[in-house]
Amino acid sequence: ALRQALWLLFLYSVAAMASMWAQTGSSAHLAETIVARMAQVRAEGRVRLRPYIVTRSYKLFGRDAGKSKSEVVADIAFVPPDSKKYSIQGTNGSAMGQILVRRMLGGEAEVEKKHLATDLSTDNYDFRFIRQEEVVGQRCYVLEVLPRRKEPFLLYGDIWVDAATYLPLRFEGTLAKSPSWWVRDVRLTFVYGDVGGMWLQTSTEAAADVRILGMSTMVSHDLKYRIADLVAAASLINANFIDLTPRRLVDIGLIPLVSK
């Protein structure tokens with residue numbers, strides 16, 4: 001009887017392991033399918049990009065999450081495929097907020113210029129299927145995003161993907177590499193949404209432990225969009241807008257000049 005019980009235990013164990021391996025293989029195949037559909041949708045989305053100007057608010061918080069230390073409102077102009085300019089429309093509170101916003105916009109411009117090296121693609125990431133869940137009535141796939149390189153503009157964390165459209169809805173995580181010795185324990189949240197038929201990142205929360213300043217959080221929300229064709233965009237973008245090309249960012253000191 002003991003021998004029979006041991007054999008039964010062995011068979012149950014083998015069956016359980018086989019089931020686990022089958023599920024792992026199934027999850028890996030599902031992740032591949034989701035990522036392939038995401039790539040297709042992303043390529044279609046880039047074709048639909050149009051010039052726009054977004055008015056965006058930024059609020060900087062310190063340890064007191066209920067009171068902002070600085071508020072900045074900026075207009076950011078985008079012209080496909082990757083041109084960005086900005087104009088600060090208003091500031092309130094600490095000057096640190098405006099400095100950080102300018103640096104964030106500089107980072108945005110770099111990501112846009114290098115979108116092939118930062119896209120959520122298999123060239124830059126490995127993906128692992130975690131689960132399915134509903135978010136505000138929408139069925140979503142949750143994938144773990146694993147960067148293939150340790151670079152400041154790559155991400156590590158979880159992304160929620162709409163199961164019907166394969167568009168990203170939300171990302172929560174951190175950077176693959178800290179952008180500076182001054183910043184550690186970075187936590188990021190991105191939210192995406194439809195803007196006139198374009199799928200864009202519409203809000204961001206970035207929290208980090210900043211040396212000297214302590215724990216700081218920057219929250220941004222898109223307030224309104226003006227969407228135009230190329231001719232109209234040229235007339236909307238006036239001389240007050242600062243170019244966000246990498247060369248211009250070096251000239252005004254927002255990103256350092258790296259000697260080769």
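One is the number of the first residue; the rest follow in order along the sequence. Please read these numbers as outputs of a predicted model, since none were measured by experiment.
Closest approach of L154 to P147, counting heavy atoms only: CB-CB, 4.1 Å. Nearest heavy atom pair, residue Q98 against residue S70, reads N-OG, 4.3 Å.
By the side chain to side chain contact (heavy atoms under 4.5 Å, CB included) test, S121 is found to be paired with R42, D119, D123, N124, residues two or more places apart in sequence or in another chain being considered. With sequence neighbours excluded, the residues forming a ring pair (Phe, Tyr, Trp, His ring centres under 6.0 Å) with F190 are F171, listed by chain and number. Applying the side-chain hydrogen bond (donor to acceptor under 3.5 Å, both in side chains) rule to Q132 yields the partners R139; only residues at least two apart in sequence or on another chain are considered. Applying the ring pair (Phe, Tyr, Trp, His ring centres under 6.0 Å) rule to F129 yields no partners; only residues at least two apart in sequence or on another chain are considered. Residues forming a side-chain hydrogen bond (donor to acceptor under 3.5 Å, both in side chains) with W199 (at least two apart in sequence, or on another chain): none. Residues passing the side-chain hydrogen bond (donor to acceptor under 3.5 Å, both in side chains) test with Y58 are R56, sequence neighbours excluded. Not a single ring pair (Phe, Tyr, Trp, His ring centres under 6.0 Å) links Y156 to another residue, sequence neighbours left out. Not a single salt bridge (charged side-chain N to carboxylate O under 4.0 Å, His left out) links R37 to another residue, sequence neighbours left out. With sequence neighbours left out, E151 forms a salt bridge (charged side-chain N to carboxylate O under 4.0 Å, His left out) with R149. With sequence neighbours left out, T204 forms a side-chain hydrogen bond (donor to acceptor under 3.5 Å, both in side chains) with Q201.
Listed by first and then second residue, the salt bridge (Lys or Arg N to Asp or Glu O under 4.0 Å) pairs that reach into residues 186-208 come to none, sequence neighbours excluded.
With a 4.5 Å cut-off on side-chain heavy atoms, T202 and V54 do not count as touching. No side-chain heavy atom of S178 sits less than 4.5 Å from a side-chain heavy atom of P152. For the pair M215 and D185, the minimum side-chain heavy-atom distance is 4.5 Å or more. Taking the side chain as every heavy atom from C-beta outward, S216 and L60 approach each other to under 4.5 Å. The shortest distance between side-chain heavy atoms of L49 and L200 falls below 4.5 Å.
The closest side-chain donor-acceptor pair between W160 and E133 falls under 3.5 angstrom.
V219 and L188 are assigned to two separate hydrophobic clusters, defined by single-linkage of ILVMFWY side chains at heavy-atom distances under 4.5 Å. Hydrophobic clustering of Ile, Leu, Val, Met, Phe, Trp and Tyr side chains at less than 4.5 Å, counting indirect connections, unites I88 with L100. Note on F127: it clusters hydrophobically with L30, by side-chain heavy-atom contacts below 4.5 Å among ILVMFWY residues. Linking ILVMFWY side-chain heavy atoms closer than 4.5 Å, directly or via other members, places L105 and M96 in a single hydrophobic cluster. Y225 and V191 fall into different hydrophobic clusters, where Ile, Leu, Val, Met, Phe, Trp and Tyr are joined by side-chain heavy atoms under 4.5 Å apart, directly or via other members.
Within the model, atoms CZ of R128 and CG of D158 stand 8.5 Å from one another, a figure rounded to the nearest 0.5 Å. Atom CD in Q89 sits 4.0 Å away from atom CG in D75 (nearest 0.5 Å). We find the CZ-CG distance between R184 and L175 to be 15.5 Å, quoted to the nearest 0.5 Å. Here CD1 of I99 is found 7.5 Å from OG of S94. Values are rounded to the nearest 0.5 Å. The NZ atom of K177 sits 8.0 Å away from the NZ atom of K150 when rounded to the nearest 0.5 Å.
A side-chain contact (heavy atoms from CB on, under 4.5 Å) with Y125 holds for exactly one of L146, L120, I159; it is L120. For the side-chain contact (heavy atoms from CB on, under 4.5 Å) criterion with K59, the lone passing option out of E71, K69, M218 is E71.
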Check the pair V35, L143 against side chain to side chain contact (heavy atoms under 4.5 Å, CB included), reporting the backbone distance first and the verdict last. CA-CA 9 Å; V35 172; L143 301 179; 4.2 Å; yes
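A donor-acceptor pair under 3.5 Å is formed between the side chain of T174 and the backbone N or O of V186. Counting only distance, with no hydrogens or angles, the side chain of R148 and the backbone of T122 share a donor-acceptor pair below 3.5 Å.
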Output a table of donor-acceptor pairs, distance under 3.5 Å, between side-chain atoms of residues 163-170 and any protein atom two or more places apart or on a different chain; print 'none' if there are none.
| from | atom 1 | to | atom 2 | distance (Å) |
| --- | --- | --- | --- | --- |
| T165 | OG1 | L167 | N | 3.3 |
| R170 | NE | E172 | OE2 | 2.7 |
| R170 | NH2 | E172 | OE2 | 3.1 |

